[in-house]
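Contents: one structure, followed by commentary.
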Number of protein chains: 2
Amino acid sequence: MKAIRQPRLPAAARNLLEEALASHGQRLTRHRELIFGMLLSQRDHPTADEVFLRSRSHCDSLSLATVYNTLETLVQCGLVRAVNYEREPTRFCPNLSEHAHFQDKRTGRVYDIDLPETVIEQLKAVLPEGFQAESLELYFHGRTSPKTSPAESNHAH
Amino acid sequence: MKAIRQPRLPAAARNLLEEALASHGQRLTRHRELIFGMLLSQRDHPTADEVFLRSRSHCDSLSLATVYNTLETLVQCGLVRAVNYEREPTRFCPNLSEHAHFQDKRTGRVYDIDLPETVIEQLKAVLPEGFQAESLELYFHGRTSPKTSPAESNHAH
DNA sequence: AACCGTAATTAGAATAATTCCAACTTCAAG
DNA sequence: CTTGAAGTTGGAATTATTCTAATTACGGTT
């Protein structure tokens with residue numbers, strides 16, 4: 001697991017990661033740090049395979065299985081959301097705020113769409129008696145007009 | 001393609017099917033009629049495989065490939081919606097009204113949730129300039145309380 | 001610093017849903 | 001009838017993901 005030159009995670013992100021892992025009884029490892037960092041540094045909703053390729057350049061001897069394991073762990077810990085469009089491979093998105101997703105028909109690219117708290121309330125209000133939602137996924141699919149379509153990453157942060 | 005005893009489709013449904021197919025340059029065939037009928041008669045969001053098994057009992061020598069083809073055709077024609085939860089196999093749902101889906105954590109069962117027009121408007125209003133949605137999928141995931149949870153099929157019709 | 005036990009990682013095999021393909025059949029129109 | 005396009009077929013191929021069994025790393029304890 002020789003790291004070639006592992007990019008250091010900003011302290012805030014590192015703490016977030018460490019605590020989220022700890023609260024789920026998991027250790028902070030170099031791989032988890034690396035992969036979480038990769039997701040944060042290029043927020044374009046990569047697939048597991050893309051994460052693998054990107055991470056590989058920082059750590060040889062990283063296996064695809066580890067990437068899957070790690071992404072799963074991050075999802076469990078609530079640090080990352082899994083984004084499933086149609087029957088495309090699952091994409092991953094470092095969480096932070098509640099949001100929906102929008103996929104551009106033409107490019108396949110996925111964008112984050114902020115969801116105001118009020119809208120989320122409204123959505124949950126749509127459920128009949130007896131249904132308790134624990135999660136909610138909202139997917140749009142359509143076109144972006146070239147003029148206004150945002151750049152590669154959604155929120156710099 | 002010997003039909004053993006193909007259930008006849010109600011005239012209304014048959015017309016709907018025929019017209020939707022015609023408007024997309026497709027023929028009405030026995031298989032398409034059968035499979036559409038299967039979806040209508042048991043609206044529990046079956047997977048392709050389940051549709052295959054159910055249809056098999058009415059038509060021997062039906063192939064799984066045809067089921068996939070036919071379901072795809074029905075989706076193209078707007079008669080059926082594909083429902084994708086997590087990375088489970090795609091389920092199919094005969095359309096009619098705009099609605100969301102709710103999956104029960106415990107049973108895995110999927111329910112239709114009516115979406116009032118006003119809510120849909122609100123949702124589309126959430127999109128920033130430059131995003132034009134052509135479709136919208138809303139997925140809930142959670143628990144149903146046994147008391148109030150609905151029976152097998154969502155809307156008798 | 002060596003030891004232990006558990007957690008993490010690994011490579012590769014296995015799985016499962018879906019798609020592809022090339023041959024065959026059906027059917028409507030001429 | 002023939003003909004050709006559309007529909008169907010079984011099986012092979014693809015692909016994302018999960019599983020497995022073996023190895024390695026690591027924190028806590030002497």
Side-chain angles (χ1 to χ4, degrees), chain A residues 1-4 6 17-18 20-36 38 45-53 55-56 58-77 80 82-92 108 110, chain B residues 1-4 6 17-18 20-36 38 45-53 55-56 58-77 80 82-92 108 110:
Chain A
M1 68 134 71
K2 291 147 283 182
I4 293 180
Q6 175 151 349
L17 174 60
E18 185 159 26
L21 285 168
S23 78
H24 288 253
Q26 314 256 42
R27 294 182 193 156
L28 176 61
T29 69
R30 214 171 312 173
H31 290 150
R32 287 170 179 169
E33 201 174 331
L34 172 63
I35 288 170
F36 187 49
M38 284 291 130
H45 304 87
T47 63
D49 207 63
E50 286 164 346
V51 173
F52 175 58
L53 292 175
S55 302
R56 250 314 175 71
H58 295 284
C59 172
D60 51 0
S61 84
L62 172 68
S63 81
L64 182 55
T66 297
V67 173
Y68 272 103
N69 290 339
T70 300
L71 290 171
E72 172 66 12
T73 299
L74 295 176
V75 169
Q76 297 305 340
C77 293
V80 165
V83 179
N84 288 287
Y85 261 99
E86 308 274 301
R87 49 206 78 150
E88 297 175 15
T90 300
R91 299 159 173 279
F92 297 87
V110 174
Chain B
M1 71 131 71
K2 290 146 283 181
I4 293 178
Q6 174 150 354
L17 174 61
E18 185 159 26
L21 285 168
S23 78
H24 288 252
Q26 314 256 44
R27 294 181 193 157
L28 176 61
T29 70
R30 213 172 313 171
H31 289 151
R32 287 168 180 173
E33 201 174 331
L34 172 63
I35 287 169
F36 187 49
M38 285 290 132
H45 305 86
T47 63
D49 207 64
E50 285 165 346
V51 172
F52 175 58
L53 292 174
S55 302
R56 251 311 173 74
H58 295 283
C59 174
D60 52 359
S61 85
L62 172 68
S63 81
L64 182 55
T66 298
V67 173
Y68 273 102
N69 290 340
T70 301
L71 289 171
E72 171 67 13
T73 300
L74 294 176
V75 169
Q76 297 305 340
C77 293
V80 165
V83 178
N84 289 287
Y85 261 100
E86 308 275 302
R87 47 206 79 153
E88 295 175 18
T90 301
R91 299 160 173 279
F92 297 87
V110 175

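A note on names: the letters A, B, ... follow the listed sequences, proteins ahead of strands, and every chain is numbered from 1.
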Given that A:Ala65 and B:Glu88 both sit by DNA chain C, which one's nearest nucleotide is further toward the 5' end?
A:Ala65
Atom [atom1] of [X] and atom [atom2] of [N]: how far apart are they, to the nearest Å?
{"X": "B:Glu18", "N": "C:dA28", "atom1": "CD", "atom2": "C1'", "result": "13 Å"}
{"X": "A:Leu74", "N": "C:dA8", "atom1": "CG", "atom2": "P", "result": "12 Å"}
{"X": "B:Glu33", "N": "C:dC27", "atom1": "CD", "atom2": "P", "result": "12 Å"}
{"X": "A:Leu62", "N": "C:dA8", "atom1": "CG", "atom2": "C1'", "result": "12 Å"}
{"X": "B:Glu72", "N": "C:dC20", "atom1": "CD", "atom2": "C1'", "result": "14 Å"}
{"X": "B:Leu71", "N": "D:dT8", "atom1": "CG", "atom2": "P", "result": "12 Å"}
{"X": "A:Asp60", "N": "D:dT24", "atom1": "CG", "atom2": "P", "result": "15 Å"}
{"X": "A:Phe52", "N": "D:dT15", "atom1": "CZ", "atom2": "P", "result": "17 Å"}

Is there side-chain contact between A:Gln26 and A:Gln76, with at least one heavy-atom pair below 4.5 Å?
no
Under 4.5 Å between any side-chain heavy atoms of B:Ile35 and B:Leu74, yes or no?
yes
For a quick check of understanding: with a heavy-atom distance under 4.0 Å over all strands, which category does A:Asp49 fall into, base, sugar-phosphate or nothing?
nothing
Under 4.0 Å, heavy atoms only, any strand: does A:Thr29 hit a base, just the sugar-phosphate, or nothing?
sugar-phosphate
Could you report the tightest heavy-atom contact between A:Ala82 and B:Arg87, atom names first, then the distance?
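Heavy atoms of A:Ala82 and B:Arg87 come nearest at CB-NH2, 4.0 Å.
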Minimum heavy-atom distance B:Arg27-B:Arg32, with the two atoms named:
O-NH1, 2.8 Å
Does [N] have OP1 or OP2 sitting under 4.0 Å from an N or O in the side chain of [X]?
{"X": "B:His31", "N": "C:dT26", "result": "no"}
{"X": "B:Arg30", "N": "C:dC27", "result": "yes"}
{"X": "A:Tyr68", "N": "D:dT17", "result": "yes"}
{"X": "A:Thr66", "N": "C:dT10", "result": "yes"}
{"X": "A:Arg87", "N": "D:dA16", "result": "no"}
{"X": "B:Gln26", "N": "D:dA6", "result": "no"}
{"X": "B:Arg27", "N": "D:dA5", "result": "no"}
{"X": "B:Thr90", "N": "C:dT18", "result": "yes"}

Check every atom of C:dA8, D:dT9, C:dT10 against the side chain of A:Arg32 and return the nucleotide holding the closest atom.
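Ranking C:dA8, D:dT9, C:dT10 by closest atom to the A:Arg32 side chain puts C:dA8 first.
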Comparing A:Asn69 with A:Thr47, nearest DNA chain D nucleotide closer to 5' gives the residue A:Thr47
Using side-chain contact (heavy atoms from CB on, under 4.5 Å) as the criterion, point out the one residue from B:Thr73, B:Asn69, B:Val67 that pairs with B:Leu71.
B:Val67
To the nearest 0.5 Å, how far apart are CG in A:Leu53 and CG in A:Leu62?
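That separation rounds to 10.0 Å.
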